[in-house]
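See structure below.
Scope of the values below: all heavy atoms of this structure, side chains included, with no hydrogens, waters or symmetry mates.
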Amino acid sequence: ASIARFWEAPYRRDLVRWGTGLHDRFLLPHFIWEDFVDVLDDFQRAGFAFDPAWFEPHFEFRFPEIGSVSPAGVNFEVRQAIEPWNVLGEEQTNSGTARYVDSSVERVQVLIRNLVDPRHAVACNGRRVPLHPTGRNGEYVAGVRYRAWSPPSALHPTIPVDSPLTFDLIDEWNERSLGGCEYHVSHPGGRSYEDFPVNSYAAESRRRTRFVPFGHTPGRVAPATEVKSREFPLTLDLQMPVRYAP
């Protein structure tokens with residue numbers, strides 16, 4: 001379809017240099033889907049009838065929903081996002097030379113609906129999530145990058161694991177958590193499966209057991225405002241040290 005579309009009308013506009021936005025904005029499912037729908041709209045204007053609904057199963061397969069809660073009428077949706085894995089240098093093994101992949105870092109997307117600004121804020125493991133408006137009233141999105149495992153071969157083996165992720169809806173007027181949820185990288189009870197899931201339903205049930213629709217932070221909660229990263233303004237990287245705003 002792309003070849004047929006550009007054969008008659010080549011694309012002659014200047015390309016956009018996204019820079020670090022490729023590893024910030026376009027690793028989140030929300031922006032990937034919006035960009036994909038823009039491509040389908042361009043195809044439709046060129047005479048190629050594509051319905052976005054055809055690709056929704058592919059989207060749900062690639063970016064499965066981990067879970068959702070609605071404390072105080074504010075909807076939380078946690079969804080799997082993309083996290084590129086770095087290839088490490090060569091290491092000597094018993095069978096020869098190997099190059100490991102650092103699979104210890106993962107990323108999730110947090111999509112918030114019906115949020116009241118400036119009363120509400122969102123925190124993950126006690127740190128403020130840099131919410132970005134989506135263009136819809138009361139809807140915000142952000143990414144959370146975290147250390148999921150602690151393998152012996154990794155870029156930063158001394159950084160501790162951030163699991164479980166505890167999300168809180170903060171009422172900044174009263175400095176307390178209105179509710180939240182927890183996401184565990186592995187089974188919260190420590191169970192280790194010995195076989196692969198037999199189908200998609202079994203895989204989804206295993207993923208659902210790692211999401212707990214409660215477990216918010218008790219007591220007074222007032223996360224400090226951090227300096228927003230210039231390179232990755234939409235991502236909370238739990239591996240990075242805290243830099244408080246003046």
Side-chain angles (χ1 to χ4, degrees), residues 2 15-33 35-36 39 55 57-66 78-110 124-125 127 129-130 141-165 182-188 190-200 202-204 206-211 228-243:
S2 299
L15 300 179
V16 178
R17 185 173 181 84
W18 292 103
T20 56
L22 294 175
H23 288 78
D24 182 47
R25 175 186 297 266
F26 293 108
L27 295 184
L28 301 180
H30 173 78
F31 296 103
I32 293 176
W33 179 254
D35 187 61
F36 184 71
V39 174
F55 303 93
H58 303 271
F59 177 83
E60 292 294 335
F61 177 80
R62 182 60 184 86
F63 307 107
E65 179 184 332
I66 297 174
V78 182
R79 188 178 292 270
Q80 192 70 42
I82 296 178
E83 177 59 40
W85 290 342
N86 297 289
V87 180
L88 306 179
E90 296 182 349
E91 298 183 26
Q92 294 295 327
T93 63
N94 295 331
S95 58
T97 304
R99 298 188 67 185
Y100 293 97
V101 175
D102 183 9
S103 60
S104 63
V105 182
E106 295 183 3
R107 186 185 308 244
V108 295
Q109 172 188 274
V110 183
C124 178
N125 288 8
R127 296 180 60 178
V129 177
V141 66
V144 177
R145 187 171 183 261
Y146 62 97
R147 173 59 64 89
W149 314 93
S150 184
S153 296
L155 283 177
H156 304 285
T158 58
I159 296 180
V161 175
D162 298 309
S163 177
L165 300 180
E182 286 187 351
Y183 170 62
H184 297 256
V185 175
S186 58
H187 193 281
R191 180 180 179 182
S192 178
Y193 297 98
E194 298 179 354
D195 56 345
F196 293 104
V198 295
N199 51 37
S200 60
E204 183 179 0
R206 295 184 183 185
R207 186 170 59 248
R208 288 290 183 178
T209 58
R210 295 188 280 127
F211 179 79
K228 185 175 292 189
S229 173
R230 295 182 180 180
E231 292 81 12
F232 308 102
L234 306 182
T235 304
L236 169 63
D237 193 345
L238 295 178
Q239 300 180 108
M240 298 297 292
V242 181
R243 296 176 57 210

Least distance between heavy atoms, [X] atom then [Y] atom:
{"X": "V185", "Y": "S163", "result": "N-OG, 3.3 Å"}
{"X": "A154", "Y": "D102", "result": "CB-OD1, 3.5 Å"}
{"X": "E90", "Y": "T97", "result": "CB-CG2, 3.7 Å"}
{"X": "Y100", "Y": "S153", "result": "CD1-OG, 3.6 Å"}
{"X": "R147", "Y": "P157", "result": "NH1-CA, 4.4 Å"}
{"X": "P130", "Y": "L236", "result": "CD-CB, 3.7 Å"}

Show me, pair by pair, the donor-acceptor contacts under 3.5 angstrom made by side chains of residues 78-86, not counting sequence neighbours?
unit_1	atom_1	unit_2	atom_2	d
R79	NE	E77	OE1	3.3
R79	NH1	E60	OE1	3.0
R79	NH1	F63	O	2.7
R79	NH2	E77	OE2	3.4
Q80	NE2	R107	O	3.4
E83	OE1	R107	NE	2.9
E83	OE1	R107	NH2	2.7
E83	OE1	R145	NE	3.3
E83	OE2	R145	NE	3.0
E83	OE2	R145	NH2	3.4
W85	NE1	V105	O	2.9

Within a 6.0 Å radius of atom [atom1] on [X], are there more than 12 heavy atoms belonging to other residues, nucleotides or ligands?
{"X": "Y193", "atom1": "OH", "value": "yes"}
{"X": "H156", "atom1": "NE2", "value": "no"}
{"X": "R99", "atom1": "CZ", "value": "yes"}
{"X": "H23", "atom1": "NE2", "value": "no"}

Side chain proximity check, [X] to [Y], heavy atoms < 4.5 angstrom:
{"X": "N125", "Y": "Y146", "result": "no"}
{"X": "H187", "Y": "T209", "result": "yes"}
{"X": "D237", "Y": "F232", "result": "no"}

Check: Donor-acceptor pair, Q239 side chain versus I159 backbone, under 3.5 Å?
Finding: no
Next item on the list: Take C124 and L238 through the test side-chain contact (heavy atoms from CB on, under 4.5 Å) and record every step on the way to the result.
Entry: CA-CA 9 Å; C124 178; L238 295 178; 4.2 Å; yes
Check: Can you list the steps and then say if F59 with I32 is a side-chain contact (heavy atoms from CB on, under 4.5 Å)?
Finding: CA-CA 9 Å; F59 177 83; I32 293 176; 5.5 Å; no
Next item on the list: Could you please spell out the steps behind the side-chain contact (heavy atoms from CB on, under 4.5 Å) verdict for E231 and D24?
Entry: CA-CA 8 Å; E231 292 81 12; D24 182 47; over 6 Å; no
